[in-house]
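In this text, all values refer to a predicted model and were calculated from it rather than measured experimentally. The figures here come from the full heavy-atom set of this structure, side chains too, leaving out hydrogens, waters and symmetry mates. Letters A, B, ... are given to chains in the order of the sequence lines, protein chains preceding strands, and every chain is numbered from 1.
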Amino acid sequence: MTQVVTPETITKKGFSMKMMKRLIGLTSLLLIILLFLLPIVRLFVMSFKHNDQFSLINYTIILAEASTWSMLQNTLIVVVGSTLFALLLGVGTAWVMAYTDIRWKKVIQIFIIIPFVIPSYIVTIAWSQFANSIDVIDIHLNSHLGIIFVLGISHYPLVYLFTVTVLKRIPKELEWAVRSSGGSSWVAFKRVTIPLALPGIVGGGMIVFLSNLDNFGIPAILGIPANITVLSTAIYQEVIGFGPNAFARAATLSVLLALVAFVGTGLQWFLLRKSKLSETASIDESPRYILGKRRKWLEIPLWIFLLGISIVPLLSMVKTSLIRAYGLDFIRENITLKHYQYVLFEYDKVLQSMGTSLKLALITTFICAVFGTMIAYIRSRKNSSIMRFVEVIVGLPYALPGMVMALSMIFAWMQPIPGWNPGLYGTAWILLIAYITRFMILQVRGSMTAISQVSIDLEEAAHLFGASTFVKWKTILLPLLLSGIVSGAFLVLLTTLTELTVSSLLWSSGTETIGIVIYNFEQAGYTTHSSALSVVILGLMLLLALIVYGIQYWWKRRLSKG
Amino acid sequence: MSTRLQHVKKTFDGFQALKGIDLTIEDGEFVAIVGPSGCGKTTLLRLIAGFETPTEGSIYMNDELVANANNSMPPEKRNLGMVFQAFALWPHMKVKEQVAFPLKYHRFVTSSLHKNKTKRVEEMLSLVGLQDFAERMPGDLSGGQKQRVAIARALAPSPALLLMDEPLSSLDAKLRIELRNEIQTIHRKTNTSIVYVTHDQSEALAMADKIVVMNNGKIEQIGTPKEIYFTPKTEFVAKFIGKANVLNGKWRENYFFPLKDETVKWQIPDITEDMKRQSKCPIRPEQLTLSKKGNGIPGGVRNVLFQGREIHFTVDTGTNTIDVIESIHASFQVGDRVVVLPK
């Protein structure tokens, strides 16, 4: 038998390839650890340092202060309260949307999601204006209840989104089986629907819990003036206050906050692990409770609720932005556009901040789209323990409360190597690095969803019929994944554009972001200006959404046309 | 092109999917690899395609080493075509683009095929009877039509080896028979070597020149359909391919004694020495008959399944059950005492 190629020759050639691949892999892994994990480790270490020595003194001091305990108590009240409120609203709307035959479900879904898409500080400003405009009763939003209410409104869409798919995935036949075994529809609901939906509901609840814990805008705008401090605002005030030992104290508070968040994440992981089973079931869109003519008695209150929650406060904010001076009646003589004129043309920080935010958002989106998709691809196609580890690490900066994450960025980049200060802190670069590390996971998840819908067969077929890796990406993967990648990228873009929490610690004069400018207006009492700018930002977001929707629509049509 | 696998082993996370495979696929041969699910047949096919690397052993194509434990030539560099189980048609490409894809990128395509892509696409589509569907998207095709596109795409570059992974398993029974004939016709016309993986023994028997029966990551027997069917070497092959009863007993030359007391003596020719050595006698249901009395194994009728052309009986002998296929004129009822005899 004549062998044209001996094993030795191809082994040699392959050996160098293998080494090369391994080297690239190792370097990337190291880079990911340095960027995503190390800052958090350093923050953790920082909290145990006092005068350059390891000690627990930061903890003993902070935990001995009465203000710490009242702050922790505030946090607990606010976070648990708003989580329960969000669960109530979210599960209720999800059940109605999943199982009844009410009309206009697609439109209703958009209205449900609005308060979640709008940055929470804008929602807060809108609600403040709305509460002030009601004369009949005195609504005091600067209170525990007020914070709970606005947090709940901002985050209930998360519960809704989680629960509605779980409910739709519960096979109708399981309920029918109860009925045919002699159980009433109530028994079916109690013994089948609820137990099967529970992991999803609780999972959604945990995510809301984390979001409530993480939120800065709402407790800052509503809580700080009323002296209600929670963990996230406490860290902010430590750092901004620049007191003695400020960073070490903030780090200690951050570890406390991260601890709470980690317990939450762990619980969520544990609960969602159980719900995996139902993911194989397909989504059933058909209504299960036919209300027929009676449905209007459900539809009318639902619409009042949705408009009241999503739209009316925004209208109040628009009204405020048009009024000549705060507190005047909304009549023709008092209406003016001068606030818009001021924020857009006279106060140059606004346009400058829009430029900064837009630039940061675009670069972040681009970098996340490229690297996030790469990580997602390798993670999806190679389910190794290393890649699972990478996914967890990349997710960490997002799982952590934003305030903690921002603080870790300061520590990590002020002096990346002891003695060397690259001068990133105080410039826009630290914001860029922070945004990329924090939001990378959003793109990874979005791209992973898209990739999971492309069967590996399609790639194997491309290779088998002669395509190289480059040709495969160009002709097969990119066309099929583009829509999903764009969805993920759009989420990154919107989130970055209006980010407040991380920015609030990392901004410096000259690198204000949109969120910072609105927040500063609001803190300084320029409500008409913050309202006007909020309206402008909402318009900008709407415009972006339309553009992205248009691109996707055009791309899908092009695909289906061939 | 001839393909040769030498002592190929494959382990996934400690699970040995292939436990040492030696197999040669000659030029122009139609080889069916058949076995139950999980027997390693798909792994074997993926190794030949180049989607997996062997843990041990080597694979040669035309005596050129294409894969061993250290290295593997990627699929795009092997002269292959493949029909995937779930078709793997690219959802964003028209039928004609699917078929043109390998013509554009496959490096073994002859220059005349490469130049006359349009003509070749038409030719392939008419070969599978889809000349009017060139402009359709895969989503607009039925299962059978998708399958034909997949076949046309695999054949378009005129590959030296065509791999088929359960290509008919997602189709309904009638379409399966129809496409079975078609694949056989195409094989005769193109004379490409084919490796056809299936779990359906009747598909393998009907189409292949050579059958490879696999079980638990090992090859049980290689042979022509007739050899495999009539002279199985192992109990597994007898049961899986011929749906045979495998009786325990004693052998003396061509005489088989199914009962312990050796009161029953059957003359059965053509049983392999391997089976005799194990004191086993494979015998297919249609080789047996039922009778009220005679020199056979006594038992009671447990099930009677009327099949139209024939009747399937199950007889309980007290120690095991025996399947017997009788003509529709047999008139035994459940509970009847009978004896089982060779025809």
Atom pairs and distances, side-chain donor-acceptor, residues 141-149 of chain B, under 3.5 Å, sequence neighbours left out:
unit_1	atom_1	unit_2	atom_2	d
B/Ser142	OG	B/Gln145	N	3.4
B/Ser142	OG	B/Gln145	OE1	3.3
B/Gln145	OE1	B/Ser142	N	2.8
B/Gln147	NE2	B/Pro167	O	2.1
B/Arg148	NH1	B/Glu182	OE1	3.3
B/Arg148	NH1	B/Glu182	OE2	3.3
B/Arg148	NH2	B/Glu178	OE2	3.0

### Message
Let me confirm one number: the CG-CG distance from B/Asp27 to B/Leu161, rounded to the nearest 0.5 Å.
### Response
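So the gap between those two atoms works out to 10.0 Å.
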
### Query
How long is the gap from CG on B/Leu23 to CG on B/Leu5, to the nearest 0.5 Å?
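With rounding to 0.5 Å, CG (B/Leu23) is 5.5 Å from CG (B/Leu5).
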
### Task
Write down the atom of A/Lys105, the atom of A/Met97, and the distance for their closest heavy-atom approach.
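Taking every non-hydrogen atom into account, NZ-O, 3.0 Å.
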
### Message
Does anything in residues 101-113 of chain B reach chain A? List residues with heavy atoms under 4.5 Å apart, or say none.
### Response
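Contacts with chain A: B/Phe101, B/Pro102, B/Tyr105, B/His106.
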
### Task
May I ask you to list the residues in residues 121-129 of chain B that approach chain A closer than 4.5 angstrom, counting heavy atoms only, ordered by number?
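Contacts with chain A: none.
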
### Query
Aromatic rings B/Phe84 and A/Phe465: how do their planes relate, parallel, tilted or perpendicular, breaks at 30° and 60°?
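Perpendicular, since the angle between the ring planes exceeds 60°.
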
### Task
Run the salt-bridge test on B/Arg46 and A/Glu460 with the 4.0 Å N-O cut-off and return the result as yes or no.
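Looking at A/Glu460 together with B/Arg46, the answer is yes, because their closest N to O distance falls below 4.0 Å.
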
### Donor-acceptor contact present, side-chain B/Lys10 to main-chain B/Thr53, <3.5 Å
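At least one qualifying donor-acceptor pair exists.
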
### B/Ser158: partners by side chain to side chain donor-acceptor pair (under 3.5 Å), with sequence neighbours left out
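Partners of B/Ser158 under the side chain to side chain donor-acceptor pair (under 3.5 Å) test: none.
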
### Message
Using the rule given for salt bridge (Lys or Arg N to Asp or Glu O under 4.0 Å), can you reason through A/Lys472 versus B/Glu76, listing the C-alpha separation, both sets of side-chain angles and the distance that settles it, and then say yes or no?
### Response
CA-CA 11 Å; A/Lys472 176 184 78 179; B/Glu76 62 264 32; over 6 Å; no

### Query
So what's closer than 4.5 Å to chain A heavy atoms on B/Arg153: side chain, backbone, both or neither?
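Both the backbone and the side chain of B/Arg153 come within 4.5 Å of chain A.
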
### Message
At a 4.5 Å cut-off on heavy atoms, which part of B/Ala150 comes close to chain A: side chain, backbone, both, or neither?
### Response
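When you check distances to chain A, no heavy atom of B/Ala150 falls under 4.5 Å.
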
### Query
Between A/Arg381 and A/Glu459, does a salt bridge (Lys or Arg N to Asp or Glu O under 4.0 Å) hold up when you go through it step by step?
CA-CA 11 Å; A/Arg381 292 305 190 223; A/Glu459 284 183 53; 2.7 Å; yes

